[in-house]
Amino acid sequence: MSLFSRKVVLIEETSFHMGEVDYTKHSLYDNIRSYPMEVKAGKSLYVKISSTNGVDVSIVDNKGYNVKFQEHVTSESVMGPVPIKEKGTMALILGVFAGDRTDVTMSAWME
């Protein structure tokens with residue numbers, strides 16, 4: 001690690017519950033969440049995630065392509081480094097099957 005590199009937090013560590021019934025959603029479940037992240041070219045993206053019953057995690061680049069996917073994440077895991085090729089908005093998408101419930105803890109950062 002050089003003197004000038006530093007960790008830039010994109011999503012603070014946060015915990016939440018997914019999969020509850022929500023009549024305001026089209027699917028009637030709160031089972032998909034997306035988080036946009038403003039990234040810079042030449043950096044690497046890292047995502048730390050854990051859940052109680054498993055969650056599918058996808059990292060999407062600024063062109064809409066899936067660059068990293070991990071299915072049924074339960075124990076704490078770090079996805080990355082994911083190289084960032086262009087400046088722009090990437091997205092972190094979390095999903096569980098309709099009717100499944102899970103508690104999720106996650107964070108994201110660039111280095």
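No hydrogens, no waters, no symmetry mates; every other heavy atom, side chains included, goes into these values.
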Self-check item: Atom pair CD1/CD of I84 and E111 - distance to nearest 0.5 Å
Solution: 10.5 Å
Quiz prompt | Value rounded to 0.5 Å, distance of CZ in R33 from CG in L92 | solution = 12.0 Å
Self-check item: Expected output: side-chain N31 to main-chain G99 donor-acceptor under 3.5 Å
Solution: no
Practice problem: Fit a plane to each ring of Y35 and F16, take the angle between them on a 0 to 90° scale, and name the class: parallel (under 30°), tilted (30 to 60°) or perpendicular (over 60°). | Solution: tilted
Quiz item: Under a 4.5 Å cut-off applied to non-hydrogen side-chain atoms, are K85 and D61 in contact?
Solution: no
Quiz item: How long is the gap from NZ on K40 to CG on L45, to the nearest 0.5 Å?
Solution: 14.0 Å
Practice problem: Name all residues meeting the side chain to side chain contact (heavy atoms under 4.5 Å, CB included) criterion together with E71; count only those two or more places apart in sequence or in a different chain, and write none if there are none. | Solution: D56, F69
Self-check item: Which atom of E76 lies closest to which atom of S50, heavy atoms considered
Solution: CA-CB, 3.6 Å
Quiz prompt | Any side-chain heavy-atom pair of K63 and E86 under 4.5 Å | solution = yes
Exercise. Taking side chain to side chain contact (heavy atoms under 4.5 Å, CB included) as the test, write out the residues that go with S34, two or more places apart.
Key: I93
Quiz item: Side chains of L28 and Y23: closer than 4.5 Å at any heavy-atom pair?
Solution: yes
Practice problem: Measure the spacing between CH2 of W109 and CD of E13 and express it to the nearest 0.5 Å. | Solution: 9.0 Å
Quiz item: Take atom CD in E20; do more than 12 heavy atoms of anything else shown fall under 6.0 Å from it?
Solution: yes
Quiz prompt | Side-chain heavy-atom pair T14, M106 within 4.5 angstrom cut-off | solution = yes
